[in-house]
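Inspection log for the structure reproduced underneath, given as C-alpha cells.
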Amino acid sequence: MEKYVLYIRKSSESEERQIMSLDAQENEMKRIAERDELNVVEIIRESHSAKKADMRPEFNRMIAGINSGLYNSILTWAPDRLSRNAGDLGKLVDLMDSGKLITVKTYSQEFKNDPNSKFMLMMLCSQAKLENDQKSLNVKRGNREKLKRGDWINRAPFGYINEKVTKTIAVDTARAPYVQKIFEMYSTGLHGHQSISTALFEQGLRTSSGKKVYKSGIQKILTSSFYCGIMESNSTQYLGNHEPLISSELFDKCQEVCAKKSKPRSKTLSFALSGFITCANCGCAITAELKKAKYVYYHCTNGKGICDQRSFNANETELHKQITLDLNKLKISQRMIDIVYKAKLEEVEHSKGTQDHSLEDAQKALKTLATRKSRLVDTYTEGDIDVELYRAKLKEIDNESVRLTKRIQELEKKAHDPLVTIELIYSKFKQGNSLADEYKHALPARKRELLSEALSNSTLLNRNIQQVSYKSPYNIFALAPLNPTFQEMLAE
C-alpha cells in the first residue's frame with residue numbers, strides 16, 4: 001500500500017517570484033489527493049532553496065521518513081520542488097533503486113519505480129538544475145555589467161541609502177558626517193576602533209535601528225574603498241557613480257595606519273608626548289613614566305644599549321612649555337595673511353593654473369599599467385604563462401588602474417578648481433597662527449591631535465627638546481622670516 005508524504009516548498013530567497021505559495025500548493029495537492037484517493041500520512045512544508053544539497057532540513061526529514069518506512073511515496077507540485085541539485089536527486093534515485101520509494105506523483109505526472117519513469121524524473125530534475133545554473137550565470141553577468149557602469153548591486157553601505165525609485169545609491173545625510181569623522185580620527189593614528197566607536201556614540205552616532213556602531217562596524221567602514229568612490233566585488237574593483245564621502249588620499253592614509261598597528265596601545269595613549277619624540281643621542285624612542293601618581297617624566301629607552309640619556313628624566317610640563325615656544329614660530333601676521341590671500345585670488349582670476357607633479361605622475365603610471373597589460377596579454381596568447389597566473393596578474397593591473405583613475409579624477413578636479421587649494425592653504429595659515437595658544441591650554445588628548453597634525457618628529461637631549469620637525473605645510477611656516485615682506489609671503 002502506498003503511503004504518501006505531501007512535500008511543498010518555495011525558495012525563501014526568491015519569494016516574490018514563486019508561481020504558487022505554500023498554502024496554494026498545499027490546497028491544490030490536497031484536492032488531487034482527495035480526487036485520486038491517495039493515502040497522505042504527513043504534510044511537510046519548507047521555505048528553503050533547492051540549489052544546494054543538504055541545505056533543506058525538512059527535505060532531509062522526509063528522506064529519513066522514507067528510509068524508515070514511515071512513507072513510501074511522494075506527492076509534490078512539480079519535480080523541481082524536490083531537487084535542483086545532483087546530490088538530492090541522487091538520494092531520490094537511490095531510494096527508488098532500493099525499493100523504498102515506490103511513486104513520485106506531481107500535479108501533471110506520475111513516476112513509478114521503473115527505468116523509464118526514473119529516467120524521465122532524472123531528466124526533469126536535471127533540466128531544473130540547468131535552468132537554475134543558467135539563471136545564476138545571467139544574474140552574475142548582469143551584476144558585472146552594472147558594476148562596470150558604476151552602479152552598486154547590493155545593499156547600500158553604512159552612510160548611504162538605497163533610492164528605491166531610481167535604484168541608485170544616495171548619501172545618508174544623517175550618518176555620512178560620522179563616517180567622515182571615522183576616517184579623519186583614525187588617520188591621525190591616535191584612535192583605535194573601540195575609542196572611535198565610543199567617542200562617536202557619545203556624539204550621537206547610531207545605526208538605523210538606534211544601536212551603537214561597535215568596533216567591528218568601525219573596522220568594516222575603514223577597510224571599504226566604497227567611501228572614496230571605488231566599489232569592490234569578488235576582489236575586482238570598479239569606479240562607482242555614487243558620491244564619495246572621503247578622498248582616496250585619506251583612505252590610503254588610513255590603510256597605512258592600519259598596516260602599522262593592529263590596535264592602539266593604552267600605554268602609549270595615556271601620555272601626551274609618547275610617539276612624538278626620539279632620543280637625539282642614539283635615535284631610540286622616548287618612553288614615559290608616571291611617578292608619585294601625578295608627575296610624568298620622559299627618558300630614552302636605550303634600546304641599543306649604548307646611550308647615557310636614560311638617566312635624564314624630562315618633566316612633561318617643561319616639555320610642553322618648550323614645544324609651545326617652538327610652535328610660536330608658526331605665527332604670521334593675520335593682516336599679512338589676508339593680504340596674500342586676496343592677491344592669490346586675483347592671480348587665479350587671470351590664470352588657468354597648471355597641473356601639479358602628482359597628477360603627471362599618476363597619468364604616467366596609468367599609461368605604464370596599460371603597457372604592462374598589453375605585454376601580459378601578448379605573453380598569455382603566446383603560451384608563456386599559465387591561465388591562473390594570467391588572471392591574477394590581470395586583476396591586479398585592472399584594480400590598480402581603477403585606483404589611479406580615481407586619483408587622477410580627484411587631482412584634475414583640484415587643478416581645475418585652484419580656489420579649493422587656496423582656501424585650504426588659507427585655513428592652514430590661520431590654524432598655524434593659533435596653534436601655539438590652543439596647544440598651551442589643550443587637554444592631553446587634544447594636545448596629541450595637534451601634534452599629530454603639525455609635528456613630524458622631535459628629539460630630546462639632556463631633558464630639553466633639541467629639534468622640532470614639522471609636517472607640510474607647517475614646515476614652510478616655521479622657516480618663514482619673523483616679519484615677512486609681502487613678496488616673501490606671496491612666494492610661500
Side-chain angles (χ1 to χ4, degrees), residues 51-53 85-86 129-130 132-158 160 169 183 186-187 193 216 218-242 244-262 358-412:
K51 295 177 183 178
K52 296 181 181 179
N85 67 80
K129 175 172 172 54
L130 176 61
N132 184 71
D133 291 345
Q134 289 176 332
K135 185 187 297 183
S136 176
L137 288 174
N138 290 335
V139 170
K140 290 178 181 178
R141 187 183 301 111
N143 285 341
R144 284 196 298 271
E145 291 304 314
K146 287 182 180 179
L147 289 166
K148 289 177 181 178
R149 294 196 302 266
D151 299 328
W152 188 231
I153 58 174
N154 297 319
R155 183 179 178 182
F158 188 84
Y160 292 91
I169 301 293
F183 281 96
Y186 193 75
S187 68
H193 303 139
S216 58
I218 300 295
Q219 182 181 21
K220 184 178 180 181
I221 290 171
L222 286 167
T223 55
S224 174
S225 60
F226 191 93
Y227 296 101
C228 68
I230 298 176
M231 307 179 299
E232 185 168 327
S233 179
N234 294 325
S235 301
T236 301
Q237 295 180 332
Y238 307 85
L239 283 176
N241 292 326
H242 60 281
L245 298 185
I246 61 168
S247 67
S248 57
E249 184 179 4
L250 178 57
F251 178 78
D252 290 342
K253 188 175 182 180
C254 287
Q255 306 321 299
E256 290 174 5
V257 171
C258 183
K260 290 179 181 178
K261 61 171 186 178
S262 58
S358 297
L359 178 57
E360 293 177 1
D361 291 343
Q363 290 171 332
K364 289 178 181 177
L366 189 60
K367 290 181 180 179
T368 301
L369 280 177
T371 302
R372 282 179 55 195
K373 184 174 182 178
S374 178
R375 291 174 179 172
L376 178 65
V377 172
D378 289 342
T379 304
Y380 174 66
T381 54
E382 291 172 3
D384 294 334
I385 184 174
D386 66 78
V387 63
E388 291 300 325
L389 182 58
Y390 166 72
R391 288 174 178 172
K393 290 293 183 182
L394 185 63
K395 179 176 287 189
E396 181 182 314
I397 291 174
D398 286 342
N399 287 348
E400 182 61 23
S401 296
V402 169
R403 290 191 289 268
L404 278 172
T405 301
K406 184 63 182 178
R407 180 66 176 150
I408 288 171
Q409 289 176 352
E410 294 176 350
L411 291 171
E412 285 179 338

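If you read the sequence from its start, that first residue is 1, and numbering goes on from there.
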Worksheet item: Should the ring pair Phe226 and Tyr160 be called parallel, tilted or perpendicular, given that the plane angle runs from 0 to 90° and is split at 30 and 60?
Response: perpendicular
Worksheet item: With a 4.5 Å heavy-atom cut-off, do Lys393 and Lys373 have their side chains touching?
Response: no
Practice prompt. Please tell me if the side chains of His193 and Tyr186 come closer than 4.5 Å, counting only heavy atoms from C-beta onward.
Written response: yes
Fill in: Check: Arg375 main-chain N/O paired with Thr379 side-chain donor or acceptor under 3.5 Å
yes
Worksheet item: Where do Ser187 and Val257 come nearest, in terms of heavy atoms and distance?
Response: O-CG2, 3.6 Å
Worksheet entry | Test item: Asn234 side-chain N/O and Thr236 main-chain N/O as donor-acceptor pair under 3.5 Å | no
Worksheet item: Donor-acceptor pair, Asp151 side chain versus Asn241 backbone, under 3.5 Å?
Response: no
Worksheet item: Below 4.5 Å, heavy atoms only, C-beta onward: do Ile153 and Ser233 meet side chain to side chain?
Response: yes
Worksheet entry | Derivation of the side chain to side chain contact (heavy atoms under 4.5 Å, CB included) call for Trp152 and Leu147 | CA-CA 6 Å; Trp152 188 231; Leu147 289 166; 3.9 Å; yes
Item to complete: Working to the nearest 0.5 Å, report the span between SG of Cys254 and CG of Leu222.
Response: 5.5 Å
Discussion item. Would you say that Glu396 contacts Arg372 through its side chain, given a criterion of any heavy-atom pair below 4.5 Å between the two side chains?
Written reply: yes
Worksheet item: Under the 3.5 angstrom rule, does the side chain of Gln255 hit a backbone N or O of Phe251 as a donor-acceptor pair?
Response: yes
Worksheet item: Do other residues, nucleotides or ligands put more than 12 heavy atoms under 6.0 Å from Lys140 NZ?
Response: no
Worksheet item: At what distance, to the nearest 0.5 angstrom, does CG of Asp252 lie from OG of Ser225?
Response: 10.0 Å
Worksheet item: Checking Ser224 side chain against Lys220 main chain: does a donor-acceptor pair fall under 3.5 Å?
Response: no
Practice prompt. Quick one: pull up CD1 in Ile230 and NZ in Lys406 and give me the separation to the nearest 0.5 Å.
Written response: 7.0 Å
Worksheet item: Can you name the nearest heavy-atom pair linking Thr381 to Asp378, along with the distance?
Response: OG1-O, 2.8 Å
Worksheet item: Is any NZ, NE, NH1 or NH2 atom of the basic residue among Arg403 and Glu400 found under 4.0 Å from an Asp or Glu carboxylate oxygen of the other?
Response: yes
Worksheet item: So, do Gln237 and Asp398 sit near enough that their side-chain heavy atoms are less than 4.5 Å apart?
Response: no
Worksheet item: Looking at CG of Leu239 and NZ of Lys148, how far apart are the two atoms once the value is rounded to the nearest 0.5 Å?
Response: 13.5 Å
Worksheet item: In Å, rounded to the nearest 0.5 Å, how long is the span from CG of Leu376 to CZ of Arg391?
Response: 12.5 Å
Response to the item:
Distance col, row Leu404:CG vs Asn399:CG, nearest 0.5 angstrom, shows 11.5 Å
